[in-house]
Amino acid sequence: MPSDLQSRRTTKLRKLPRAFFAREAEQLAHDLIGTILVHRIDGKQVSGRIVETEAYVGAHDLACHAAKGRTARTEVMFGRAGHAYVYLCYGIHDMLNIVSGHPEVAQAVLVRAAEPLDGWQANLSGPGNLAKGFGITRRHNGLDLTGGEIFLLEDPSYVPRIVRTRRIGVDYAKEWKDAPLRFIDADSGAVSRPRFR
DNA sequence: GCGTCGATGGCA
DNA sequence: GCCATCGACGCG
């Protein structure tokens, strides 16, 4: 009998296309929960299910780096959706963001946590740990995430229970600090700070 | 289980 | 002088 499990296994997971990313950051951040991030390197690959994201919705969003203007660092955010925006945080951690929306409107989604798949053992909880675990650094800034090196897969068989909270670490952002723009998979143990309101 | 703190570097 | 963090430490 073709069990659900069996048909699931034979399902070819579709690579997320450009159109998936070319939407409002808030919607993209929500829809990225449950999708699979893949990094192919040296003929091998690692993958993990995304369980936590944050939307940074444009230059008017005081928590968004683009609020400080269009600079060398933020340039990719003003470009085409589906590219990586990777920056150094606190002098130590690289962070992976996915550019969303449309050119000239600086939006991105920060990928904050994932669960390793395929028997891979890694701590992918928290944006710094996620980038480190996946081997993603500022070298990948501007990389097209619809290509063959780092890309995302949809997984229709996984239906997460998504909860919204305020974003982490943006208390300086005045009227934007409490905006409910963080999305978590409520049933995942890999979410960073699971009880954060 | 909580608060505090140091590491560390690019950026405006 | 900030920071879209992390992990170690001290407390009790």
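Chain letters run A, B, ... following the sequence lines, proteins first, then strands; residues in each count from 1.
Distance noted for atom C1' between C:dG7 and B:dG10: 22 Å (whole Å).
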Please write out the pairs of protein N or O atoms and N or O atoms of nucleotides 5-8 of chain B separated by less than 3.5 Å, giving the distance to one decimal.
{"unit_1": "B:dT8", "atom_1": "O2", "unit_2": "A:Y90", "atom_2": "O", "d": "2.2"}

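Between the side chain of A:R49 and the main chain of A:G34, a donor-acceptor pair closer than 3.5 Å is present.
In this structure, A:Y87 shares a hydrophobic cluster with A:Y56, A:V76, A:M77, A:Y85, A:M95, A:V99, A:L110, A:V170, A:Y172, the cluster being traced through Ile, Leu, Val, Met, Phe, Trp and Tyr side chains under 4.5 angstrom apart. Using a 4.5 Å cut-off between side-chain heavy atoms of Ile, Leu, Val, Met, Phe, Trp and Tyr, A:V57 falls into a hydrophobic cluster with A:L62, A:W176, A:L181. Here A:I184 is tied into one hydrophobic group with A:V51, A:V163, A:V191, each link being a pair of ILVMFWY side chains closer than 4.5 Å.
In this structure, the ring-ring contact (aromatic ring centres under 6.0 Å, His included) partners of A:H140, at least two apart in sequence or on a different chain, are A:H39.
Less than 4.0 Å separates DNA chain B from at least one heavy atom of each of the following residues of residues 67-75 of chain A: A:T71, A:R73. Contacts between residues 96-105 of chain A and DNA chain B, defined by a heavy-atom separation under 4.0 Å, are absent. Residues from residues 122-141 of chain A lying near DNA chain C, meaning a heavy-atom separation below 4.0 Å, are A:S125, A:G126, A:P127, A:G128, A:N129 in numerical order. Only at 4.0 angstrom or more do the heavy atoms of residues 22-36 of chain A sit from any atom of DNA chain C, so none qualifies.
The cationic atom of A:R18 (NZ for Lys, CZ for Arg) does not lie both less than 6.0 Å from the six-membered ring centre of A:F20 and within 45° of the ring axis.
The shortest distance between side-chain heavy atoms of A:T53 and A:R112 does not fall below 4.5 Å. Considering only heavy atoms from C-beta on, A:F151 stays 4.5 Å or farther from A:L37 through its side chain.
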Run the side-chain donor-acceptor check on residues 117-124 of chain A: report pairs under 3.5 Å with partners two or more places apart or on a different chain.
{"unit_1": "A:D118", "atom_1": "OD2", "unit_2": "A:S47", "atom_2": "OG", "d": "3.1"}
{"unit_1": "A:N123", "atom_1": "OD1", "unit_2": "A:S125", "atom_2": "N", "d": "3.0"}

Writing each nucleotide of DNA chain B 5' to 3' as (, ), [, ], | or . by Watson-Crick or G-U pairing under 3.5 Å yields |||||||.|||.
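Neither side chain, A:E24 nor A:S100, offers a donor N or O lying under 3.5 Å from an acceptor on the other.
A:D171 has its CG atom 13 Å from the P atom of B:dG3, to the nearest Å.
Between chain A and DNA chain C, the heavy-atom contact criterion of under 4.0 Å yields a 5' to 3' nucleotide range of C:dC3 to C:dG7.
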